[in-house]
Amino acid sequence: MSQVGTAGNPLRVAIIGAGPTGFYAAEHLFKHTDLVVEVDLYDRLPTPFGLVRAGVAPDHQKIKSVTKLFDRVAQRPEFRFFGNVELGKDISVADLHDYYHQIIFSTGAQTDRYLNIPGADLKNHHPATDFVAWYNGHPDFRDYEFDLTQERVAVIGVGNVAIDVARILARTTEELATTDIADHALEALSKSKVKEIFVIGRRGPAQAAFTTPEIKEMGKLADCDIYVLPEEAQLDALSEKALADSADRGTARKVEIIQSYAGKESTGKSRKMTFRFLVSPTEMFGNEAGEITCMQMVKNELYATDAGTLRPRATDNFEMLDVGLVFRSIGYKGVPLEGVPFNESWGVILNDKGRVINAETKQPVLGAYTAGWIKRGPSGVIGTNKPDALETVEQMITDWRNGRILSPTHPNAADVTAFLDSHKPDYFTYADWEKLDAIEVAKGEAQGRPRVKFTTVEEMLAAVGKETAVAA
Ligand code: NAP
């Protein structure tokens with residue numbers, strides 16, 4: 001047989017996870033003109049695009065336009081999409097070894113970091129990531145319920161996810177009704193009784209993880225005043241010095257914006273959002289029904305580590321915050337994939353520059369690669385995954401050139417389709433997705449919205465004329 005990577009014997013690559021990283025990895029692979037490569041991109045959902053569809057806030061449509069690039073990648077004849085196919089359930093790593101020379105795991109970070117304080121298991125305390133997935137219409141979260149009869153809500157953490165959650169809670173029904181927020185969320189939020197939102201940062205304004213445009217946007221909400229306690233808006237001496245010593249104009253600008261909200265009088269808007277700094281939740285308390293009623297917080301001070309970063313340290317100054325609903329937004333976390341070496345505490349696949357590493361031998365696992373959040377952890381914006389995927393693809397190309405690839409027994413596209421036809425006949429192709437996409441967009445146009453999302457797998461399958469496969 002001819003050499004792998006040629007027209008007669010293409011390099012066959014499976015990518016698991018059709019988020020931005022999966023598409024970027026496919027794009028990088030296709031750029032190698034001396035390589036003939038065929039890519040099959042799998043996702044457990046029928047729909048592609050991962051967090052672009054299920055994570056990016058519905059009122060941030062511009063960010064979602066990156067999918068145009070992914071559409072172009074998908075038009076390549078060497079590219080196929082297999083949605084509604086779950087690794088570990090519908091197909092195994094061993095099955096993939098039968099069909100592919102190389103496998104990339106780009107499954108993202110599917111859960112969140114837990115807040116380990118007393119009372120954290122009370123009702124009405126949720127991961128922000130659940131709320132995000134719910135309002136974005138992720139099928140797994142469609143039936144989740146959040147008690148929006150509560151008037152006072154806390155969001156713990158000051159990253160961009162916390163900002164998204166706080167902003168969606170603060171938007172009016174009219175603002176939300178022009179977005180592609182899931183219908184069930186629009187309906188629930190239109191009845192929301194939320195009046196006060198507290199966004200809780202454990203460090204100071206100069207260390208807030210959210211970005212400048214996001215905090216600036218808060219000042220433009222139609223019916224929510226933004227407030228910062230004047231004493232918490234001021235930088236402590238260590239932050240002041242660190243900022244003065246650095247050339248970081250971005251952070252200085254962000255601090256200026258935070259300070260512009262300090263002590264602001266109410267403009268009579270019906271909701272109020274207060275950003276708190278240098279406080280950490282220490283305990284949650286509940287009523288007889290086991291629902292949160294209030295949260296104890298401790299005032300922090302900052303200290304410099306040996307590495308020079310400023311970390312929070314608790315003082316003995318406590319306070320109580322009355323809240324009936326709490327979202328923790330302290331970071332996403334990756335979940336292990338069966339048979340793939342994993343670092344539990346970091347929530348990432350063990351890897352070296354994208355090559356999956358055997359936990360004992362520390363040697364690369366033949367044919368196995370990783371990219372995106374499951375490779376490096378949940379940080380960075382969508383575009384950060386492009387260079388990340390490139391780094392992985394460079395290792396793959398080196399390994400291909402050196403003959404370090406798997407030896408599949410069935411290295412051809414037709415055998416994969418035959419496998420899926422017999423094991424998971426209701427898989428989604430890219431053409432199916434395009435059909436679904438067109439229906440969603442047409443429904444949206446009729447309502448002056450970007451799209452109206454399907455939010456169950458059954459509805460998605462029915463919309464494109466597929467039947468749900470009966471489990472064997
Ligand atoms: P993040 O940016 O890492 O923020 C996590 C926040 O949680 C930080 O404020 C962190 O504080 C805080 N935190 C962590 N552990 C805590 C604890 N035990 N108690 C209290 N606070 C704690 O994570 P994210 O908000 O989940 O966002 C993930 C990535 O997606 C980020 O890179 C983000 O920029 C990106 N994203 C971007 C957009 C956008 O571009 N619009 C939207 C959403 C997400 P410390 O800093 O003190 O650790």
Side-chain angles (χ1 to χ4, degrees), residues 51-64 112 124-138 140-201 208-211 213-227 261 269-275 323-332 381-382 444 447-453 455:
L51 282 184
V52 177
R53 182 174 168 100
V56 172
D59 57 343
H60 279 179
Q61 286 299 313
K62 248 197 212 153
I63 298 179
K64 298 188 186 224
D112 84 312
N124 292 352
H125 171 214
H126 304 276
T129 52
D130 285 4
F131 187 60
V132 170
W134 171 77
Y135 67 59
N136 275 321
H138 189 301
D140 291 358
F141 298 83
R142 193 204 171 308
D143 297 323
Y144 278 42
E145 284 177 13
F146 301 94
D147 184 3
L148 298 170
T149 64
Q150 299 296 331
E151 292 191 356
R152 291 164 64 88
V153 184
V155 183
I156 302 168
V158 284
N160 278 333
V161 172
I163 288 273
D164 282 348
V165 165
R167 196 181 64 252
I168 293 299
L169 286 166
R171 288 249 188 237
T172 62
T173 307
E174 292 69 34
E175 286 175 302
L176 293 174
T178 60
T179 74
D180 66 355
I181 191 166
D183 279 348
H184 55 255
L186 183 59
E187 159 91 19
L189 285 162
S190 72
K191 296 180 191 144
S192 163
K193 298 275 189 291
V194 172
K195 281 202 168 67
E196 285 230 51
I197 302 158
F198 300 89
V199 187
I200 314 284
F210 52 65
T211 39
E214 275 64 28
I215 186 67
K216 204 169 163 192
E217 185 182 8
M218 288 302 204
K220 299 178 188 145
L221 294 173
D223 196 22
C224 184
D225 282 319
I226 308 300
Y227 187 76
Y261 299 131
K269 292 181 176 177
S270 57
R271 284 181 176 140
K272 181 178 178 185
M273 186 187 304
T274 303
F275 282 84
V323 278
L325 180 61
V326 178
F327 295 101
R328 63 170 182 272
S329 184
I330 60 172
Y332 282 80
V381 293
I382 293 165
Q447 297 181 22
R449 301 170 62 188
R451 70 175 62 239
V452 174
K453 285 181 178 176
T455 57

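Quick caveat, the model's predicted, so the values are computed rather than measured. Just so it is clear, the values below take in all heavy atoms, side chains as well, and ignore hydrogens, waters and symmetry mates.
Put simply, CG on Asn124 and CG on Asp147 are 4.5 Å apart, with the number rounded to the nearest 0.5 Å. Rounding to the nearest 0.5 Å gives a distance of 6.5 Å between CD1 of Ile168 and OG1 of Thr179. Note that the OG atom of Ser190 and the CZ atom of Arg171 stand 16.0 Å from one another [nearest 0.5 Å]. Interatomic distance, His126 NE2 to Glu145 CD, rounded to the nearest 0.5 Å: 9.5 Å. Taking CZ from Phe146 and CH2 from Trp134, the interatomic distance works out to 6.5 Å, rounded to the nearest 0.5 Å. We find the CZ-CD1 distance between Arg449 and Ile181 to be 8.0 Å, quoted to the nearest 0.5 Å.
Classification of Asp180 and Lys64 as a salt-bridged pair holds, one side-chain N sitting under 4.0 Å from a carboxylate O. Of the charged side-chain nitrogens involved, at least one lies within less than 4.0 Å of a carboxylate oxygen, so that Glu217 and Arg167 count as a salt-bridged pair. A salt bridge links Asp112 to Arg328: at least one charged side-chain nitrogen sits closer than 4.0 Å to a carboxylate oxygen. Checked for salt-bridge contact, Glu151 and Lys193 miss the test: no charged N lies under 4.0 Å from a carboxylate O.
Side-chain atoms of Thr211 never come within 3.5 Å of backbone atoms of Pro213 as a donor-acceptor pair (strictly under, hydrogens ignored). At least one donor-acceptor pair closer than 3.5 Å links the side chain of Asn136 to the backbone N or O of Ala54. Side-chain atoms of Tyr261 come within 3.5 Å of backbone atoms of Ile215 as a donor-acceptor pair (strictly under, hydrogens ignored).
No side-chain N or O of Thr455 forms a donor-acceptor pair with one of Asp183 less than 3.5 Å apart.
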Please step through side-chain contact (heavy atoms from CB on, under 4.5 Å) for the pair Arg271 and Glu196, ending with a clear verdict. CA-CA 6 Å; Arg271 284 181 176 140; Glu196 285 230 51; over 6 Å; no
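By the 30° and 60° cut-offs, the orientation of the rings of Phe131 relative to Phe327 is tilted. Ring-plane geometry between His138 and Phe141 is classed as perpendicular, the angle between the planes exceeding 60 degrees on a 0 to 90 degree scale with a lower cut at 30.
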